[in-house]
Amino acid sequence: MSKNLVIVESPAKAKTIERILGKDFVVKSSMGHVRDLPQKNIGIDITNQFEPNYEILSNKTKIINELKTEVKKADTIWLATDEDREGEAISWHLMEVLGIGKDKSKRIVFHEITQTAIEHAIENPRDLNIDLVNAQQARRVLDRLVGFELSPLLWKKVKPSLSAGRVQSVAVRLIVEKEKEIQAFQSTPMFRVVATFTSGNNIVLQAELNTRFKTEKEVDVFLEKCKSAHFTVAAVEKQATKKTPPPPFTTSTLQQEAARKLNFPVARTMMIAQQLYEAGYITYMRTDSVHLSDLALNTAKKYITEEYGKTYSKTRNYRTKSKGAQEAHEAIRPTYIDKASIENGDSGQERLYDLIRKRTLASQMSDAEFERTHISIHLSNAEEKFTAVGEVLLFDGFLKIYTESKDESEEENMLGKLPSIHQGAELYKQEIQAVEKYSQAPYRYTEASLVRKLEELGIGRPSTYAPIISTIQKRQYVVKGNKEGFERPYKVMTLTSDNTVKKTVKKEKVGYDKAKLMPTDIGNIVNNFLMEYFKEIMNYNFTAGVEMKFDEIAEGKLAWKEMIHDFYYPFHEKIESTLKNSEKAKGERLLGIDPTSGKNVYAKLARYGAVVQIGDTKTDEKLKFSKLLPGQSIETITLEEALELFKLPRTVGTYEGDELIVNIGPYGPYVLYKKKYYSVPKQEDLFSITVERCVEIIAEKTKKDEAKKPVVIGKYKDVEVSAAVGRYGPYIAYSGHFYKLSANTIPADVKLQDAIDIIQQTDKKNTVKSFTEDKDLKIMKAKTGKYIAYKNATYKIPRTQINMDLSYEDCMKIIQTALQKKK
DNA sequence: CAGTGAGCGAGCTTCCGCTTGACTT
């Protein structure tokens with residue numbers, strides 16, 4: 001019988017397929033790309049028609065070697081990588097690296113891992129699509145050229161180690177421009193009028209006026225009219241409405257919904273989804289497809305019918321519509337829809353699974369049906385009308401199990417039930433209230449809403465959304481932070497049933513923001529620089545434009561090297577000219593003149609961060625500098641704030657004979673006391689801080705440090721057990737090992753018995769093998785690999801023996817050699 | 001890293017997209 005080797009991208013997939021295909025097939029995974037451009041240099045021979053110089057990825061040499069031995073044993077190699085640009089390229093690279101030709105290999109694709117789908121794929125192999133591979137090469141080379149020519153330009157013109165790229169630079173631009181919009185936003189007040197009416201039979205009805213007033217005077221005029229007005233129901237309109245369920249999850253929608261409903265950052269969502277996928281609970285989590293397999297549709301239908309009844313079931317086939325979607329996978333769904341919950345999962349896994357399952361089920365359920373009622377109320381002496389809108393749920397449909405959460409920018413008003421009332425009925429005012437409402441500034445991006453925007457623009461791929469967010473933060477172009485709100489007064493004018501008008505002023509908190517993405521100074525400076533010189537690449541449609549070209553290449557209508565040629569030369573020319581002609585970008589801003597010295601005051605980026613400077617760099621001998629406070633930025637700092645900063649360092653006073661000094665250091669504001677530094681919380685005002693407060697800060701910090709110090713808890717088997725707080729949280733230290741404690745544990749509070757329990761449980765869980773010959777000898781596993789534990793010491797197992805089943809003698813030999821080496 | 005800030009210059013940094021483990025207190 002002939003031998004077959006199937007190569008897929010992911011090892012989890014490989015396992016399942018191997019089970020399906022049986023003993024004539026060996027299934028291996030490539031773990032994604034195996035070859036790429038070199039990491040150290042550009043790796044493209046530009047003068048030789050952009051010939052790429054691919055290298056085997058350093059962490060893939062082992063896999064390649066394994067694949068090579070399998071290839072030798074096999075008669076036919078089935079290349080079963082994903083059916084998209086990247087997948088096709090992986091197959092091509094594999095053919096090149098493994099030295100397999102057309103005669104020995106077959107390219108197959110399938111969209112679901114089922115017996116029938118895989119058998120169908122095996123029966124219908126095709127040739128490798130070299131056009132698609134070329135489209136990928138063009139994508140890869142373009143990204144490399146852009147990234148590796150723009151970044152060095154930034155090193156010279158802005159700051160070393162910065163980066164720029166087709167995707168990340170646009171992501172930063174979105175955030176920078178949102179912040180500019182918010183800054184430029186002028187909030188204007190309007191008066192919104194809401195009335196409460198009564199009618200016979202104790203009916204109470206709330207309605208809103210269809211116009212909003214700009215001024216208090218207009219409200220006065222209107223309320224005056226209301227005093228003598230008659231109110232009648234002019235029309236009652238009923239309308240049937242429905243709501244359709246949202247489609248099943250893609251990577252992007254999963255990230256958004258998990259952020260809204262579960263408060264997960266996108267990285268956490270992806271990590272948990274990966275765990276669920278590896279445990280076999282869900283389908284692949286990096287996808288842009290909303291498609292569900294026939295099998296999934298059928299089992300969902302069956303489950304919904306059995307569980308909720310036939311009326312709740314509605315089979316829906318979704319089509320993917322997002323830009324640049326490549327549909328290599330299904331939507332994210334449970335592998336077995338009738339599995340209501342997972343076993344042995346933590347709460348994060350349980351909650352994410354539940355979310356995915358309910359969303360999938362909901363997508364196969366009936367519409368929710370409502371009856372919407374509009375009641376229009378006329379005034380006898382005015383043009384304006386009041387309207388009341390209400391909604392009654394007639395049939396819950398998919399809402400029985402799932403409601404999609406909304407972003408703050410698109411939150412809808414909840415509509416209640418309206419009392420039944422007929423046309424022509426007379427109403428009596430109980431209260432008419434005008435409330436001053438300010439127009440809302442644009443909302444800052446959250447991680448998830450940025451992902452949504454990027455997806456809308458067709459920028460980035462499911463596998464890169466989470467890394468993009470982390471890259472732009474790692475480069476410190478963007479921070480995820482909170483914004484303090486402020487109180488704003490607003491007016492309320494109320495006309496009561498006895499025709500008196502009361503005017504009051506209330507306060508509301510506005511501008512408060514939590515976990516939002518905001519640009520840093522360096523983010524602003526780099527963005528402004530790129531916008532000035534590389535508008536084309538910063539254009540939100542740049543990716544969409546090149547994607548069209550990639551499509552042409554994939555269809556064989558355009559040669560990839562030609563496309564790259566056309567892009568590169570003008571781009572490179574611009575790089576050269578910018579290098580020659582542009583000033584170094586420091587984001588320098590002239591704030592005004594210092595009244596005491598008469599010199600110019602600037603805010604700018606210096607070697608170690610943002611500073612304010614008094615005097616001109618070129619002409620003045622002595623310049624004065626100060627760092628900025630947390631929350632201040634070059635873009636927004638005012639002259640007054642800058643001048644204030646030069647009052648630092650400031651001596652607050654003395655405590656027990658020693659000076660307390662406040663200043664801004666490299667890690668932020670600090671108190672200096674007895675030659676020790678204590679960082680001051682962000683919101684504290686250094687210019688009005690008191691001696692008492694400083695002493696408090698010092699005491700708090702001292703207490704905290706005390707709590708983190710290692711504490712000896714006691715002894716277990718004659719060996720000391722201690723607890724402390726490290727960089728990764730609290731832990732127990734025992735005989736050369738670390739045992740993780742839950743996040744908020746205080747070392748001093750850990751009881752000996754609890755510590756011993758943790759040690760025993762963890763050791764038990766991690767014991768791979770124990771020996772009858774010697775009770776003290778054990779083979780243990782750690783995250784990093786396996787090791788031998790023997791009499792309160794540990795010994796590393798050599799790499800060569802790591803996968804062997806070690807005998808007692810083997811272990812003793814390892815211990816002996818380790819001890820000898822030590823000597 | 002609790003000072004520096006300018007400029008010189010060796011030698012470093014950098015892209016996007018596909019996948020999983022490897023880091024360690």
Side-chain angles (χ1 to χ4, degrees), chain A residues 8-13 29-37 39-44 57 59-60 63 81-82 84-87 89-90 93 136 139-155 159-169 274 277-278 284 286 328 459-465 467-468 471 475 543 584 586 602 604-613 615 617-618 622-627 649 661 663-670 672 675-679 708 710 724-733 737-741 782-785:
Chain A
V8 295
E9 289 181 41
S10 120
K13 240 187 195 176
S29 65
S30 74
M31 303 261 204
H33 278 293
V34 292
R35 221 165 60 147
D36 192 16
L37 296 170
Q39 283 187 327
K40 286 278 162 219
N41 55 59
I42 199 155
I44 298 165
L57 287 159
N59 53 343
K60 297 291 165 63
I63 287 165
T81 52
D82 295 346
D84 57 16
R85 209 157 62 198
E86 300 296 327
I90 291 173
H93 281 296
Q136 193 274 347
R139 199 279 305 153
R140 182 67 192 94
V141 167
L142 178 102
D143 282 338
R144 175 51 71 92
L145 290 170
V146 170
F148 274 47
E149 294 218 349
L150 271 185
S151 301
L153 182 67
L154 292 179
W155 305 343
K159 198 180 152 171
S161 301
L162 294 174
S163 66
R166 173 178 59 85
V167 172
Q168 59 168 280
S169 297
Q274 175 93 29
Y277 167 68
E278 280 169 17
Y284 198 58
R286 291 188 274 262
I459 298 171
R461 304 281 313 130
S463 67
T464 59
Y465 293 138
I468 291 165
T471 304
R475 298 263 172 274
T543 290
K584 199 168 177 188
K586 292 169 188 272
Y602 298 94
K604 66 174 198 180
L605 188 77
R607 179 82 182 83
Y608 291 99
V611 293
V612 284
Q613 167 187 323
T617 312
K618 294 216 168 123
K622 277 195 179 159
L623 300 166
K624 282 202 322 193
F625 293 98
S626 172
K627 268 199 145 51
I661 296 165
N663 196 8
I664 315 169
Y667 308 123
Y670 64 87
L672 177 63
K675 290 186 179 170
K676 275 191 171 172
Y677 296 90
Y678 303 87
S679 58
K708 283 188 180 178
V725 180
R727 204 153 73 85
Y728 299 100
Y731 64 95
I732 296 169
H737 287 277
F738 299 104
Y739 301 86
K740 208 175 176 176
L741 290 168
K783 271 189 188 161
T784 41

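Sequence lines set the chain letters: A, B, ... in the order given, protein chains first and strands last, and positions in each chain run from 1.
- Distance, A/Asn663 CG to B/dC1 P: 18 Å, rounded to whole Å.
- A/Pro11 comes within 4.0 angstrom of the backbone, heavy atoms only, and of no base.
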TODO: Represent DNA chain B in dot-bracket notation, 5' to 3'. Only Watson-Crick or G-U wobble pairs with both distances under 3.5 Å count; pseudoknot-style crossings use [ ] and interstrand partners use |.
DONE: .........................
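- Nucleotide B/dA22 holds its P atom 11 Å from the CG atom of A/Asn59, rounded to whole Å.
- Here A/Tyr677 lies parallel enough and close enough to stack on the base of B/dA2, with planes under 30° and ring centres under 5.5 Å apart.
- Judged by distance alone, with hydrogens and angles left aside, the side-chain atoms of A/Gln613 form no donor-acceptor pair with the main-chain N or O of A/Leu623 at under 3.5 Å.
- Atom C1' of nucleotide B/dG21 and atom CD of A/Glu278 are separated by 9 Å, given to the nearest angstrom.
- Atom CG of A/Asp82 is separated from atom P of B/dT20 by 10 Å (rounded to the nearest Å).
- Residues passing the salt bridge (charged side-chain N to carboxylate O under 4.0 Å, His left out) test with A/Asp143 are A/Arg139, A/Arg166, sequence neighbours excluded.
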Task: A/Val167 and A/Arg461: CA distance, side-chain angles, deciding distance, side-chain contact (heavy atoms from CB on, under 4.5 Å) verdict - done: CA-CA 10 Å; A/Val167 172; A/Arg461 304 281 313 130; over 6 Å; no
- [ ] I would like to know whether A/Leu145 and A/Ile42 meet side-chain contact (heavy atoms from CB on, under 4.5 Å); could you show each step before the answer?
- [x] CA-CA 7 Å; A/Leu145 290 170; A/Ile42 199 155; 4.0 Å; yes
TODO: Applying side-chain contact (heavy atoms from CB on, under 4.5 Å), run through A/Ser163 and A/Ser151 and close with a yes or a no.
DONE: CA-CA 5 Å; A/Ser163 66; A/Ser151 301; 4.1 Å; yes
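- Per the geometry, NZ belonging to A/Lys584 stands 10 Å off P belonging to B/dC8, to the nearest Å.
- Side chain of A/Thr464 to backbone of A/Gly460: no donor-acceptor contact under 3.5 angstrom is found.
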Shorter than 3.5 Å, N or O on both sides, protein versus nucleotides 10-15 of chain B: list them out with atom names.
from, atom 1, to, atom 2, distance (Å)
B/dT13, OP1, A/Lys40, NZ, 2.4
B/dT13, O2, A/Ser161, N, 2.5
B/dT13, O2, A/Ser161, OG, 3.3
B/dT14, OP1, A/Arg475, NH2, 3.4
B/dT14, O2, A/Gly147, O, 3.4
B/dT14, O4, A/Lys40, O, 3.1
B/dC15, OP1, A/Ser163, OG, 3.2
B/dC15, OP1, A/Gln168, NE2, 2.7
B/dC15, OP1, A/Arg475, NH2, 3.4
B/dC15, O2, A/Arg140, NH1, 3.1
B/dC15, O2, A/Arg144, NE, 3.1
B/dC15, N3, A/Arg140, NH2, 2.9
B/dC15, N3, A/Arg144, NE, 3.0
B/dC15, N3, A/Arg144, NH2, 3.0
B/dC15, N4, A/Arg144, NH2, 3.0

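- Of the side-chain N and O atoms in A/Arg286, one or more sit less than 4.0 angstrom from OP1 or OP2 of B/dT19.
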Give each protein N/O atom lying under 3.5 Å from an N/O atom of nucleotides 5-7 of chain B, with the pair distance.
none

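- For the residue pair A/Tyr602/A/Thr617, the side-chain donor-acceptor check at 3.5 Å is not satisfied.
- The shortest side-chain heavy-atom distance between A/Ile732 and A/Leu741 falls under the 4.5 Å cut-off.
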- [ ] Could you walk me through whether A/Leu162 and A/Arg475 pass side-chain contact (heavy atoms from CB on, under 4.5 Å), step by step?
- [x] CA-CA 7 Å; A/Leu162 294 174; A/Arg475 298 263 172 274; 5.7 Å; no
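- Take A/Ile63 and apply the side-chain contact (heavy atoms from CB on, under 4.5 Å) test, not counting sequence neighbours, and it matches A/Met31, A/Lys60, A/Leu67.
- Going from the C1' atom of B/dC1 to that of B/dG5 covers 14 Å, rounded to whole Å.
- Residues A/Leu672 and A/Asn663 form no side-chain contact, since every pair of their non-hydrogen atoms from C-beta on lies 4.5 Å or further apart.
- For B/dC18, the OP1/OP2 oxygens have a side-chain nitrogen or oxygen of A/Ser463 closer than 4.0 Å.
- Remark: P of B/dA2 and CG of A/Leu672 are 12 Å apart, rounded to the nearest angstrom.
- Across all strands shown, A/Tyr739 has no heavy atoms under 4.0 Å from either base or sugar-phosphate atoms.
- What separates OH of A/Tyr465 from P of B/dC16 is a distance of 14 Å, to the nearest Å.
- Rounded to whole Å, atom C1' of B/dT4 lies 17 Å from atom NZ of A/Lys624.
- Here A/Gly460 lies in heavy-atom contact (under 4.0 Å) with sugar-phosphate atoms only.
- Applying the side-chain hydrogen bond (donor to acceptor under 3.5 Å, both in side chains) rule to A/Ser679 yields no partners; only residues at least two apart in sequence or on another chain are considered.
- The separation of B/dT19 from B/dC23, taken at their P atoms, amounts to 23 Å, rounded to a whole angstrom.
- Closest non-hydrogen pair, A/Ser30 versus A/Gly32, comes out as OG-O, 2.8 Å.
- Put simply, the side chain of A/Arg461 and the base of B/dC18 share no donor and acceptor less than 3.5 Å apart.
- B/dG9 sits 16 Å from B/dT13 when the C1' atoms are compared, rounded to a whole Å.
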